[in-house]
Number of protein chains: 2
Amino acid sequence: MSVKPFSSVWTRERKGTREQGLSRDQIVRAALELLDAEGLDALSMRKLGARLGAGATSLYWHVANKDELIELVMDEVYAAVVLPEAADWRETARVFAYGMRHAVFEHPWSASLIGVVPALGPNALTASDRLMGAFARAGFEGIDVDYAMTAVVSYTLGATIPEVAFLTVLEATGQSLADLQSAVEPIVMKAMADRPNLLKRYESYASEGVDPLVARRLAFEFGLTALLDGLGTRLR
Amino acid sequence: MSVKPFSSVWTRERKGTREQGLSRDQIVRAALELLDAEGLDALSMRKLGARLGAGATSLYWHVANKDELIELVMDEVYAAVVLPEAADWRETARVFAYGMRHAVFEHPWSASLIGVVPALGPNALTASDRLMGAFARAGFEGIDVDYAMTAVVSYTLGATIPEVAFLTVLEATGQSLADLQSAVEPIVMKAMADRPNLLKRYESYASEGVDPLVARRLAFEFGLTALLDGLGTRLR
DNA sequence: GGCATTACTCGCACACTGTTCGAGGTGACT
DNA sequence: AGTCACCTCGAACAGTGTGCGAGTAATGCC
């Protein structure tokens with residue numbers, strides 16, 4: 001049970017570069033492409049090396065290991081969520097929430113990494129900083145700034161992760177939503193026999209003809225504004 | 001790019017059993033032990049087989065593959081969150097939130113799986129059913145029942161996952177919190193040079209002498225009640 | 001110019017992983 | 001006694017991340 005001291009890409013000095021052959025940025029870019037194209041499982045050092053016309057082990061000069069590579073490429077995901085610098089706290093929170101949601105949708109493989117992999121990269125940090133600034137300006141006091149901001153981030157992650165994960169499963173099966181639903185139907189029905197509340201909801205869905213994908217999006221909005229309302233009352 | 005139709009343990013008929021030698025429940029129990037003791041990476045079919053005094057490939061008679069095994073063992077995590085059957089919606093929501101949080105703390109490896117792996121097992125379903133019942137009885141109308149409940153689940157997951165993930169990293173390094181903080185300090189400071197809001201917060205933390213672990217727990221409470229408040233105003 | 005040093009590339013090898021296949025065994029029922 | 005379903009498992013395959021050490025190429029220095 002040997003333990004290694006904490007280490008993250010962001011805690012190590014970057015090696016001086018001679019600007020030739022492989023570079024860290026190039027590797028991260030290629031990894032991002034590979035991930036977007038084929039998903040998390042498809043990312044292997046050998047495949048990534050091949051895509052760059054290099055040997056797999058060459059990558060290890062530029063990146064300590066695969067985990068660090070993933071930290072780097074995750075920060076690229078955060079790069080897409082850009083926040084205004086001097087906006088209303090509610091507006092900033094909304095931009096963050098929808099920006100984050102959108103970013104994860106664009107990079108579905110990140111759903112299983114986000115919140116789990118340390119987010120200490122520059123892009124993650126500036127997003128945090130902007131968000132925190134908005135809450136501080138809003139008038140939250142002391143540590144409440146932290147709490148309020150954390151709440152928004154938590155909600156956003158918790159809503160986005162399962163949503164994207166579901167879509168990923170859906171896509172991996174290659175079935176349409178209707179296909180999947182009818183495939184699962186009998187088992188669901190059986191399981192719901194002694195779960196009256198779920199059953200009722202399920203029937204409502206069917207009768208109201210709600211598109212589950214749209215419903216998820218509305219659910220996101222619903223919860224977000226509820227949370228922001230709740231936070232707003234804590235401002236005085 | 002071949003695609004396989006959707007399949008989950010819960011969608012397949014269970015094999016009849018002759019109640020001898022290995023059994024699915026036994027396997028799941030052993031997997032849970034192994035996961036709790038050594039973490040997600042330590043779970044391999046061979047190790048699990050060995051722990052049961054069986055060959056690795058014997059497991060494949062009882063379980064289709066590792067993913068299904070993980071679905072099964074995840075449902076055991078949900079087993080720990082038991083909800084009252086006829087309580088106030090706020091109370092039920094709180095029991096769920098803290099119950100879920102506690103369950104994931106007890107099984108830290110689940111942090112990187114929850115929300116990503118389909119939760120169609122009996123325990124997950126009954127928890128959902130109870131939670132949904134509480135929101136329906138509370139007076140939420142139509143699809144708002146779903147939305148309100150989803151919001152609570154989202155917040156809970158999004159708050160818990162990073163918290164547990166952080167503790168896992170901490171434990172894996174074997175360093176104390178103070179060690180880690182002082183190790184990261186210089187890099188953090190440098191990174192925060194042009195992130196004034198983060199820096200200010202960081203300094204407040206230090207001066208107020210807040211224990212970050214306690215703070216996280218208070219943050220969970222803060223966000224949860226804010227969300228419930230916000231949901232409450234939508235009841236009329 | 002020559003030479004030493006640094007910066008990088010990469011093949012080999014190791015210890016693993018999940019999973020398939022097919023050969024075997026074992027008990028219950030006819 | 002024979003059949004059949006249930007169950008176990010060793011061998012093998014195609015992968016995985018990564019440490020090591022040898023090899024190459026460009027730079028800095030005299």
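Here is the naming used below: chain letters follow the sequence lines, and residue numbers restart at 1 for every chain.
- The CG-P distance, from Leu59(B) to dT17(C), rounds to 13 Å in whole Å.
- Looking at Arg195(B) and Pro122(A), their side chains come closer than 4.5 Å, going by heavy atoms from C-beta outward.
- One axis for each end of the helix from dG1(C)-dC30(D) to dT30(C)-dA1(D), each built from five base pairs, and the angle between them comes to 10° at 10° resolution.
- Counting only heavy atoms from C-beta on, Tyr60(B) has its side chain closest to dT20(C) among dT20(C), dT16(D), dG11(C).
- Residue Trp61(A) places none of its side-chain N or O atoms closer than 4.0 Å to OP1 or OP2 of dT9(C).
- Regarding Lys66(A), its NZ atom lies at a distance of 8 Å from the C1' atom of dT16(D), rounded to whole Å.
- Asp41(A) has its CG atom 11 Å from the P atom of dT19(C), to the nearest Å.
- Using a 4.0 Å cut-off between a side-chain N of Lys or Arg and a carboxylate O of Asp or Glu, Glu38(A) and Lys47(A) qualify as a salt bridge.
- Of the residues in residues 47-55 of chain A, those placing a heavy atom less than 4.0 Å from an atom of DNA chain C are Ala54(A), Gly55(A), in numerical order.
- Ring orientation note: the planes of Phe220(A) and Tyr98(A) are nearly perpendicular, at an angle over 60° on the 30°/60° scale.
- The phosphate of dC9(D) has OP1 or OP2 within less than 4.0 Å of a side-chain N or O from Ser58(B).
- For dG15(D), its base never sits under 3.5 Å from the side chain of Arg46(A) at any donor and acceptor pair.
- Applying the salt bridge (charged side-chain N to carboxylate O under 4.0 Å, His left out) rule to Lys200(A) yields no partners; only residues at least two apart in sequence or on another chain are considered.
- In this entry the distance linking CE of Met45(A) with P of dA13(C) reads 21 Å, nearest Å.
- Judged as a salt bridge (Lys or Arg N to Asp or Glu O under 4.0 Å), not a single pair has a partner in residues 116-128 of chain A (not counting sequence neighbours).
- Note: CG (Leu69(B)) to C1' (dT19(C)) measures 14 Å, nearest angstrom.
- Residues satisfying the ring pair (Phe, Tyr, Trp, His ring centres under 6.0 Å) criterion with Tyr202(B), sequence neighbours excluded, are absent altogether.
- Legend: salt bridge (Lys or Arg N to Asp or Glu O under 4.0 Å) pairs involving residues 114-125 of chain A, not counting sequence neighbours: none detected.
- In this structure, the CD1 atom of Ile70(A) is 13 Å from the C1' atom of dT16(D), given to the nearest Å.
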Problem - salt bridge (Lys or Arg N to Asp or Glu O under 4.0 Å) between Arg51(B) and Glu33(B), intermediate numbers included - result: CA-CA 10 Å; Arg51(B) 178 176 272 249; Glu33(B) 283 173 25; 3.1 Å; yes
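- For His62(B), a side-chain nitrogen or oxygen approaches OP1 or OP2 of dT8(D) to under 4.0 Å.
- The CG atom of Leu43(B) sits 14 Å away from the C1' atom of dC16(C) (whole-angstrom rounding).
- The side chain of Thr57(A) lies closest to dG19(D), out of dG19(D), dT8(D), dG17(D).
- Between the CG atom of Asn65(B) and the P atom of dT17(C) there is a distance of 17 Å, rounded to whole Å.
- Between the side chain of Asn123(A) and the main chain of Glu76(A), no donor-acceptor pair closer than 3.5 Å is present.
- Of the N and O atoms on the side chains of Trp109(A) and Asp41(A), not one donor lies less than 3.5 Å from an acceptor on the other residue.
- For Ser44(B) and dT17(C), the shortest distance from a side-chain N or O to OP1 or OP2 is below 4.0 Å.
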